[in-house]
There are 2 protein chains.
Amino acid sequence: MTKRSQTDRDLASRLRLDIVSSAFEPESRLKFAELTKRYEVGIGTLREALTLLLSEGFVTVDAGKGFRVAPVSATELAEIIELYLELETRALEQAIKTGDDEWESTIVAAHHRLSLIESLPWEKRMERHEEWVERHREFHESLISACNSQWLVRLRSIMFNQLDRYRFITKLATAGRDQIKLAEHLEIKNAVLARDVPKAKYLLEAHIRDTAQHAIQKLTPKP
Amino acid sequence: MTKRSQTDRDLASRLRLDIVSSAFEPESRLKFAELTKRYEVGIGTLREALTLLLSEGFVTVDAGKGFRVAPVSATELAEIIELYLELETRALEQAIKTGDDEWESTIVAAHHRLSLIESLPWEKRMERHEEWVERHREFHESLISACNSQWLVRLRSIMFNQLDRYRFITKLATAGRDQIKLAEHLEIKNAVLARDVPKAKYLLEAHIRDTAQHAIQKLTPKP
DNA sequence: AATAAAGATATTTTCGAAAATAAAGAGGTG
DNA sequence: CACCTCTTTATTTTCGAAAATATCTTTATT
């Protein structure tokens, strides 16, 4: 609920980022000997960060056999999508009902920052992909920032982070689709600011399902 | 996802139990000096367990100032209830649709074990309250055990555990209500076995809201 | 050659000492 | 007496050595 120790938070974040961006292969072992060198921290600190990632579903652990990177699969993605959609649309509905002027401005600002990157030509856009990830997260967070249920925000956040892994998989497949994404984000922003709950929900759902569809295709073994 | 280290799991469970049962006051500090004595484990081990409880929302942490027991409040309970209901009914619906014979027998068995305790006279029932908590959990888990979404089960589980804290608050207020609970659990079991999704959902929702209502009254400051 | 036992190696897990940080107390100054 | 500064105490956080556990290798046995 409150803030986590600084170094630890950073370590967990760095680890999470490395897992999301496939620096470690799914299901590969995470040995302390290697990790302590890579991140220049002690075993205990690492263990703590891994415990956090365990609860977020990024790693698994077998007693006595250590930690592994959690696997990815099309079926798991399907689970994540369904839950994420439910949580995100719920949070969005609440936010639309209770959001004030400041909430609106946060959305406008976050959307602007996101669209600046999404308008770039593909190469430039790819160069700044990490930044895009961050701004994309901020945009979606801004939409629901007026949601008054801390727990809803929290659970949604877990699923959003999980989706990051699958978004990374489709990273390269989005070449021609940037303009579509740009348009979708704009439409969602407008529907939310117009306080049109059904429309906002509908657009958001389509937006998310579309992205997911590409990841599922990549993950499903071809004949 | 996979199994956590044995000693750690136990430590986290013991700590969780002590928080749920108010052995530690909400918002009170959890000092390592005391905890190492109480649980007879090293600091690192404790830290790991607390990190797990942090992610489950049972403790909070301020960088440099250590861990505290998470607070309880009527508004938080309201959040938890709404989310738990959504997740539990979703999981239940899936389970009813995909559950097989074995799933049914697990439910029958779990319900039987639960009803044996709930049929006891109040004093006997209270003596075995910890056992009741366990059997109650097992019953509810059996209902959704055929749900095929691991993530749904997982998130539901987090919220169920959170509710444990609030169930404890109403523990003493349930004096005359044991027979009602017994009847409710029976009705839910029957609806589920009859594969009547709407009825099962309805009964489950009423059952949960009822329990929650008592906790909310206890938590709302009186004039 | 397959299996088992024993030994050697690799890895995780636990622990408490040392470093870093925050909180409390003591002493001085306007 | 309030307010700042320094010192002391209390507490958290980090770290790596030691214990426990798992894995691999070798050797012996049928």
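Here is how names work: the chains are called A, B, and so on, in the same order as the sequence lines, proteins then strands, and each is numbered from 1. Just so we're clear, the structure is a prediction, and the values are computed from it rather than from any experiment.
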Subject >> Nucleic acid contacts of residues 25-32 of chain A, taken as heavy-atom distances under 4.0 Å to DNA chain C >> reply: A:R29, A:L30, A:K31, A:F32
**OP:** Look through every strand shown and name the nucleotide pairing with D:dT29 as Watson-Crick or G-U wobble, where both distances are under 3.5 Å.
**Re:** C:dA2
Original post:
Below 4.5 Å, heavy atoms only, C-beta onward: do B:L152 and A:E79 meet side chain to side chain?
Top reply: no
Subject >> Minimum-distance nucleotide to A:I43 side chain [options: C:dA17, D:dA17, D:dC15] >> reply: D:dA17
Subject >> Interatomic distance, A:F67 CZ vs C:dT13 P [rounded to whole Å] >> reply: 6 Å
Subject >> Atom-to-atom span, OH of B:Y39 to P of C:dC15 - whole angstrom >> reply: 15 Å
**OP:** Determine the interplanar angle of the B:H136 and B:H185 rings, folded into 0 to 90°, and report it as parallel if under 30°, tilted if 30 to 60°, perpendicular if over 60°.
**Re:** tilted
**OP:** Using atom CG of B:L35 as one end and atom C1' of D:dT11 as the other, report the distance to the nearest whole Å.
**Re:** 12 Å
**OP:** Mind calculating the distance between CZ (B:R47) and P (D:dC15) to the nearest angstrom?
**Re:** 11 Å
Subject >> Side chain of B:K65 (C-beta onward), nearest among C:dC15, D:dT13, C:dA22 >> reply: C:dA22
Original post:
What integer distance in Å separates B:E48:CD from C:dC15:C1'?
Top reply: 12 Å
**OP:** Scan A:L163, A:D164, A:I158 and name whichever one has a side chain to side chain contact (heavy atoms under 4.5 Å, CB included) with A:N161.
**Re:** A:D164
Original post:
A:W132 vs A:H129 aromatic rings, parallel, tilted or perpendicular, using cut-offs 30° and 60°?
Top reply: parallel
**OP:** Take the protein atom CG of A:L46 and the nucleotide atom C1' of D:dT13, then report the distance between them rounded to whole Å.
**Re:** 14 Å
Subject >> Rounded interatomic separation in angstrom, taking CG from B:D62 and P from D:dT13 >> reply: 9 Å
Got a list of side-chain donor-acceptor pairs under 3.5 Å for residues 32-40 of chain A, not counting sequence neighbours?
residue: A:T36; atom: OG1; partner: A:F32; partner atom: O; Å: 2.8
residue: A:T36; atom: OG1; partner: A:A33; partner atom: O; Å: 2.9
residue: A:R38; atom: NH1; partner: A:D18; partner atom: OD2; Å: 2.7
residue: A:Y39; atom: OH; partner: A:D18; partner atom: OD2; Å: 2.6

**OP:** Check the distance between C:dT11's P and A:L50's CG and give it to me in whole angstrom.
**Re:** 16 Å
